[in-house]
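Since the structure comes first, as structure tokens, the remarks are kept for the end.
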2 protein chains.
Amino acid sequence: MVDYDEAIGFNTVKTGKHITRLLNSRLKPYNLTAEQWTVLKRLDQQGDSSQKRLAEASDKDQATLTKILDLLESHAFIERVKNPNDRRSFLVCLTPKGRELTKSIYTVIEEIFEQIVAGLSTEELSNYQDVLRKIIHNIQDIKD
Amino acid sequence: MVDYDEAIGFNTVKTGKHITRLLNSRLKPYNLTAEQWTVLKRLDQQGDSSQKRLAEASDKDQATLTKILDLLESHAFIERVKNPNDRRSFLVCLTPKGRELTKSIYTVIEEIFEQIVAGLSTEELSNYQDVLRKIIHNIQDIKD
DNA sequence: TAAATATAATTTGTGCACTAATTATTTTTA
DNA sequence: TAAAAATAATTAGTGCACAAATTATATTTA
């Protein structure tokens, strides 16, 4: 009988933690953490966004995102602009400084991941992604 | 060009988070969190242990474990006993209450994971585990 | 159209994860 | 064997994740 709590649960969380920690150590010289990078990346990908939309895209809750944005704003990587269409919300925008930084971090991140996936075949990684997708899907089904 | 930051990094962390959140919601009636369960499970598996050994076995740092143990101790699930062989350390022990709880949680956890892995073949899950193992191994090599 | 309901962002409180520093104790070095 | 170095556990500080509550604003209902 396979112990999935261990094999899937603990080990997925552990792997995620170690990836995050590695990224954090490499991003430290840029005054960035892995979580903050996720937010910058989403802003770069989808353009100026409301916080709600940003939270959804980066899989973070509103409360957590507020804190992360506060930090990014304090470093002048982003700014919050009043949303002309809805006074309850802001549009979050990359500053020129933030845009410049984001561009250079793509390279840093890419190099790290080349090391992280070294020795794994395209097929192995593709299968891995399928399983991740199915697990997330299963969890969402349980919740409904 | 596959974006491994997204496909592997973000999605592994996301999946881990969602598993943890699901477990937390199911363990809440027992006054337990997923992380606390990990510690109880390790104690059950390896018997009375020093904090250092427990931290290693549960992939937590000493500081974090201290806090988790404080909570478990406050609920009388565990107790810290002076280590007769080394005055710098304690032996952490399950109380009868904690042992009883641990036994019943195994069943709860097993049912959740049956749902989490539903529809995934033994082979798929086995391959998934292999990739996790290799990623962790790669990360450890990078650190050395 | 006014009232009821829902929503965006923030704050508060709690539980983790991580690093650095600290104190008492043990181990190693010279 | 005394001094230096290492170690176990804890504390303090910072960054997240999550749930609940709150306030101003938008949407829906009757």
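Note that these values count all heavy atoms, side chains included, but never hydrogens, waters or copies made by symmetry. Quick caveat, the model's predicted, so the values are computed rather than measured.
The nearest whole Å value for the distance from the CG atom in A:Leu69 to the P atom in C:dA9 is 9 Å. Following rounding to the nearest Å, A:Glu73 (CD) and C:dA9 (C1') show an atom-to-atom distance of 13 Å. With rounding to whole Å, A:Phe77 atom CZ is found 13 Å from D:dG15 atom P. Nucleotide C:dG15 holds its P atom 15 Å from the CG atom of B:Leu27, rounded to whole Å. One interatomic measurement links the two molecules: NZ of B:Lys82 to P of C:dT26, which rounds to 12 Å at whole-angstrom precision. Counting to the nearest Å, the C1' atom of D:dG15 and the CG atom of A:Leu40 are 15 Å from each other. Distance B:Arg53 CZ to D:dA9 C1': 17 Å, rounded to the nearest Å. Between A:Leu65 atom CG and C:dA8 atom P the separation is 13 Å, expressed in whole Å.
Phosphate proximity of C:dA9 to A:Thr66: absent, as no side-chain N or O sits under 4.0 Å from OP1 or OP2. For C:dC16, one of the phosphate oxygens OP1 or OP2 lies less than 4.0 angstrom from a side-chain nitrogen or oxygen of B:Thr33.
Ring-centre distance between A:Trp37 and A:Tyr106: below the 6.0 Å cut-off.
Both cation-pi conditions hold for B:Arg42 and A:Phe10: the charged atom is under 6.0 angstrom from the six-membered ring centre and inside a 45 degree cone around its axis.
If B:Glu35 and A:Gln51 are placed on DNA chain C by their nearest nucleotide, the residue sitting closer to the 5' end is A:Gln51.
Using a 4.0 Å cut-off between a side-chain N of Lys or Arg and a carboxylate O of Asp or Glu, B:Asp86 and B:Lys52 do not qualify as a salt bridge. Using a 4.0 Å cut-off between a side-chain N of Lys or Arg and a carboxylate O of Asp or Glu, A:Lys41 and B:Asp5 qualify as a salt bridge. The pair A:Lys134-B:Glu124 meets the salt-bridge criterion, with a side-chain N (NZ, NE, NH1 or NH2) lying under 4.0 Å from an Asp/Glu carboxylate O. Using a 4.0 Å cut-off between charged nitrogen and carboxylate oxygen, A:Asp130 and A:Arg133 count as a salt-bridge pair.
Without hydrogens or angle criteria, B:Thr15 side chain to B:Asn11 main chain gives a donor-acceptor distance under 3.5 Å.
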Verdict with supporting geometry, A:Glu35 and A:Ile68, side chain to side chain contact (heavy atoms under 4.5 Å, CB included):
CA-CA 8 Å; A:Glu35 303 307 330; A:Ile68 292 177; 4.2 Å; yes
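Comparing D:dG15, C:dT10, C:dG15 against the side chain of A:Gln36 picks out D:dG15 as the nearest.
For B:Ser89, the side chain to side chain donor-acceptor pair (under 3.5 Å) test picks out B:Asn83, with sequence neighbours left out.
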Check the interface with nucleotides 23-27 of chain D: list each N/O to N/O pair with the protein under 3.5 Å, or write none.
{"unit_1": "D:dA26", "atom_1": "OP1", "unit_2": "A:Arg87", "atom_2": "N", "d": "3.2"}
{"unit_1": "D:dA26", "atom_1": "O4'", "unit_2": "A:Arg88", "atom_2": "NE", "d": "3.3"}

Measure all distances between protein nitrogen or oxygen atoms and nitrogen or oxygen atoms of nucleotides 18-22 of chain C, and list the pairs falling under 3.5 Å.
{"unit_1": "C:dC18", "atom_1": "OP1", "unit_2": "A:Arg21", "atom_2": "NE", "d": "3.2"}

